[in-house]
Structures are given as C-alpha cells and as structure tokens.
Amino acid sequence: MKKGGSDADQSVDGERIQKVLARGGVGSRREIERWIDEGRLKINGKTVGLGDRLKDGDYLLINDRVVHWEKFVEQPTRVLLYHKPVGEVVTRRDPEGRPVVFTQLPKLAVSRWIAVGRLDINTSGLLLVTNNGELANRLMHPSTQVEREYAVRILGEVSEATLEKLKQGVELEDGKAKFDDIKFFGGEGANKWYNVIVAEGRNRLVRRLWESQEVIVSRLMRVRYGPVVLPERLKARTFYELTDKELELLFEFAGMANEKPAITAKPEFKAHKSSKR
C-alpha cells in the first residue's frame with residue numbers, strides 16, 4: 001500500500017523494499033536496511049541498494065533464499081489485544097512444552113503475528129500483537145519511550161522513603177532504572193496493591209526494581225501499553241481486535257502514516273477456539 005498514490009502508480013514505481021518486508025514482519029526497517037548494506041538481498045539476481053524498490057514480477061532473495069514478497073503488498077495491518085494468563089510464554093515454540101501465546105491467536109493467511117514486547121511466564125495482562133513489523137518496532141524501540149503500566153501486588157508494608165528511592169532510580173545489574181510513577185491502590189492484610197509506570201522494556205524490570213528493595217512481588221499484571229489499555233471485560237486467554245479508528249490513533253501515536261482500513265466492521269471480544277473468523 002503506497003501512501004498518496006494509486007494502485008497503478010505502485011505497479012509502475014514499486015515500493016521500497018524495507019517498507020514491504022517490515023510490513024510483512026520479516027524484520028524492522030532498520031534491520032532490513034542493515035541487511036541491504038551487508039549485501040544480503042538480491043532482486044532479479046542483482047544485489048539490492050537502499051533506494052531500490054520492489055515491482056510486480058520482481059524475484060527477491062534474502063541470503064539466497066526466495067522470499068514471496070507479493071503477499072505482503074496488500075496485507076492490511078491488524079492489531080490484537082491479548083490477555084495473557086500466568087503460565088503462558090511469549091514464544092513460538094517452547095522446548096519445555098509449556099503453553100505459548102501464539103497458539104491462542106487466530107491464524108494469518110500470510111505473514112505472522114509479532115509480539116510487541118514480552119511478558120515473562122509469571123506476568124499476566126496486556127500483550128499487543130500485530131502483523132505489521134514496522135509498527136511493532138516503533139512501539140518497542142527504546143527511543144520511543146513508550147509507557148508500560150503494571151498493577152503489582154506486594155507483600156508487606158513499604159515506606160515512603162523506599163517509594164521515593166524507586167522513583168529517583170536505583171542501580172541494577174544492567175544499569176540504573178526507576179519507576180516514572182507509583183500509586184497506591186489499597187489492599188488488606190499483608191497484600192498491598194500499587195500501579196507503577198516504566199518507560200522501557202528491560203527484562204523483568206518491574207520485579208527487579210521491587211526486589212532491589214527486598215520487596216516480594218506476589219502478582220504482576222500489565223494493564224496498559226502506551227495509549228492501549230487492557231479492557232476490564234477481556235478475560236484471560238481471549239483477545240480483542242482494534243477497530244479502524246483505534247488503529248488510526250495507534251498509527252498516530254507511533255508516528256506512522258495511516259493506511260487503508262484493515263477492518264470493515266467493529267469486532268467483538270473473542271475467545272480462542274470459539275471464534276469464527
């Protein structure tokens with residue numbers, strides 16, 4: 001889909017290689033540009049340059065393997081909000097045989113679902129998945145500083161001094177980190193609930209920040225990723241697909257031009273296996 005041009009224009013002029021492949025989830029634009037610099041792509045037997053475009057009938061190789069890129073051209077962007085339960089892993093295959101999130105999602109005719117960030121096996125809540133590699137990269141890239149909000153249940157009392165320290169920043173094994181905000185959400189007995197915000201996606205960052213202060217996290221759930229909030233009525237192991245308007249707002253947030261609508265009717269909350277697509 002070429003912005004601002006007709007289908008005829010696209011067939012004549014083509015579309016930038018990195019744009020087509022990123023949309024298909026082959027890699028981010030930056031990754032594909034690096035591959036081009038490394039001479040790993042060929043079109044019709046000739047090594048690709050950064051300005052080259054794909055046109056109807058072109059024969060594309062990456063690392064001397066054929067890529068059927070045509071299927072990416074008319075593929076509209078889709079974004080799902082998946083409510084991940086504790087116990088599932090964000091991977092395509094697990095050598096230990098644990099359940100994986102991708103088996104809970106609808107099948108794509110072409111390309112594949114890409115997880116926007118990860119949640120560890122003991123963390124539940126909002127996981128965004130999309131078939132648009134460029135959108136996923138924009139939402140995950142450290143320079144974007146996308147806020148992630150978590151609901152955290154901890155054991156015991158935490159002093160104001162400790163909370164302030166966590167907001168100012170503490171040294172972890174991979175560098176200094178902090179919560180951008182901490183709000184107390186109540187609790188009874190030994191269990192207390194807080195909502196915290198971080199603007200980076202380091203592995204197990206929320207747990208490690210609390211543990212640096214010898215605070216035990218007994219439950220952790222992501223409730224927001226950037227502008228996208230986990231719907232209250234979305235049950236675990238079910239997903240919701242963004243509408244045209246919601247996709248438009250997400251593209252705007254990511255600093256990307258909007259595209260042809262991917263969905264023609266407002267979707268409903270869907271449960272795996274019971275959905276008819």
Side-chain angles (χ1 to χ4, degrees), residues 78-92 94 98-105 113-130 132 135-142 144-155 158 163 166-167 172 174 177-187 191-212 215-242 246-247 249-250 253-254 269-272:
R78 296 176 65 186
V79 176
L80 305 182
L81 282 60
Y82 178 64
H83 187 161
K84 176 194 168 304
V86 170
E88 285 185 0
V89 291
V90 185
T91 186
R92 298 189 187 281
D94 183 64
R98 297 170 297 184
V100 300
V101 298
F102 292 102
T103 62
Q104 306 292 338
L105 305 178
W113 293 115
I114 304 162
V116 179
R118 290 177 174 269
L119 293 173
D120 67 46
I121 190 170
N122 294 316
T123 301
S124 63
L126 176 64
L127 181 69
L128 292 179
V129 295
T130 180
N132 187 320
L135 177 61
N137 184 61
R138 292 282 188 99
L139 293 173
M140 288 187 288
H141 199 275
T144 311
Q145 291 283 292
V146 176
E147 287 188 345
R148 291 95 158 154
E149 185 172 350
Y150 294 81
V152 189
R153 187 177 70 189
I154 64 170
L155 293 176
V158 180
L163 296 177
L166 286 168
K167 287 192 286 185
L172 303 177
D174 53 356
K178 66 183 179 69
F179 290 131
D180 292 333
D181 193 21
I182 307 175
K183 290 183 179 178
F184 179 59
F185 266 74
N191 294 315
K192 300 293 186 295
W193 281 96
Y194 289 86
N195 268 35
V196 300
I197 294 174
V198 293
E200 54 179 318
R202 275 190 266 172
N203 187 40
R204 299 184 69 253
L205 181 60
V206 174
R207 289 184 188 275
R208 289 191 293 135
L209 277 167
W210 285 108
E211 289 168 0
S212 74
V215 176
I216 298 173
V217 174
S218 59
R219 188 174 176 189
L220 182 60
M221 173 185 285
R222 185 157 67 198
V223 295
R224 179 171 65 87
Y225 193 103
V228 182
V229 176
L230 180 69
E232 287 187 8
R233 65 189 181 100
L234 186 64
K235 296 180 180 179
R237 293 188 179 87
T238 64
F239 63 86
Y240 169 77
E241 184 159 3
L242 294 190
E246 291 163 343
L247 274 175
L249 293 172
L250 189 59
F253 174 81
F269 288 89
K270 302 177 180 67
H272 176 57

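Just so we're clear, the structure is a prediction, and the values are computed from it rather than from any experiment.
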Shortest non-hydrogen pair, L126 vs V228, comes out as CD2-O, 3.3 Å

Table please: side-chain donor-acceptor pairs of residues 178-187 below 3.5 Å, with sequence neighbours left out.
residue, atom, partner, partner atom, Å
K178, NZ, D180, OD1, 2.5

For A115 and V90, the nearest pair of non-hydrogen atoms, with its separation, is CB-CG1, 3.7 Å

On a heavy-atom basis, the closest approach of T91 and F102 is O-CD1, 3.2 Å

| Pair T123-D120, side-chain donor/acceptor within less than 3.5 Å | yes

Quiz item: Taking R207 for the side chain and L220 for the main chain, is one N or O donor matched with an acceptor at less than 3.5 Å?
Solution: no

| said: If you count every heavy atom of other residues, nucleotides or ligands that lies below 6.0 Å from N203 atom CG, does the total exceed 12? | reply: no

In sequence, state the C-alpha distance, the side-chain angles, and the governing distance for L205 and L172, and then conclude on side chain to side chain contact (heavy atoms under 4.5 Å, CB included).
CA-CA 9 Å; L205 181 60; L172 303 177; 3.7 Å; yes

Quick one: does V206's side chain get under 4.5 Å of R148's, heavy atoms only? no

| message | Go through it in stages, so that I can follow the logic: the residues are K84 and R118, the test is side chain to side chain contact (heavy atoms under 4.5 Å, CB included), and I'd like the CA-CA distance, side-chain angles, deciding distance and then a yes or no. | response | CA-CA 10 Å; K84 176 194 168 304; R118 290 177 174 269; over 6 Å; no

The reported gap from CG in L128 to CG in L135 (rounded to nearest 0.5 angstrom) is 8.5 Å

Between R78 and W113, is the side chain to side chain contact (heavy atoms under 4.5 Å, CB included) condition met? List the steps. CA-CA 9 Å; R78 296 176 65 186; W113 293 115; 4.0 Å; yes

Closest heavy-atom pair, R138 versus A254, reported as atoms and distance to 0.1 Å, is NH1-O, 2.9 Å

- For L155, does the CG atom have more than 12 heavy-atom neighbours from other residues, nucleotides or ligands under 6.0 Å away? yes

Does G125 offer a backbone N or O that forms a donor-acceptor pair with the side chain of R222 under 3.5 Å?
no

Side chain to side chain contact (heavy atoms under 4.5 Å, CB included) evaluation trace for L81 with L242: CA-CA 8 Å; L81 282 60; L242 294 190; 3.3 Å; yes

Can you tell me if T130 uses its side chain to pair, donor with acceptor, with the backbone of N132 under 3.5 Å? yes

Sequence neighbours excluded, the answer for side chain to side chain donor-acceptor pair (under 3.5 Å) partners of R224 is E147, E149

Heavy-atom nearest pair, Y82 first then R237, reads OH-CA, 3.5 Å

### Query
Do other residues, nucleotides or ligands put more than 12 heavy atoms under 6.0 Å from the CZ atom of R92?
yes

If you define the side chain from C-beta out and look only at heavy atoms, does anything of H83 sit under 4.5 Å from Y240?
no

Rounded to the nearest 0.5 Å, the CZ atom of R202 sits from the CZ atom of R208 at a distance of 6.0 Å

All heavy atoms of I154 vs all of Y194, minimum pair found to be CD1-CE1, 3.6 Å

**Request:** Using atom types as modelled and distance alone, determine if a side-chain donor or acceptor of Y225 lies under 3.5 Å from a backbone N or O of L139.
**Result:** yes

Taking A151's backbone N and O only, do any of them form a donor-acceptor pair with R153's side chain (distance below 3.5 Å, no angle check)? no

Can any side-chain N or O of S124 pair as donor or acceptor with the backbone N or O of V86 at less than 3.5 Å? no

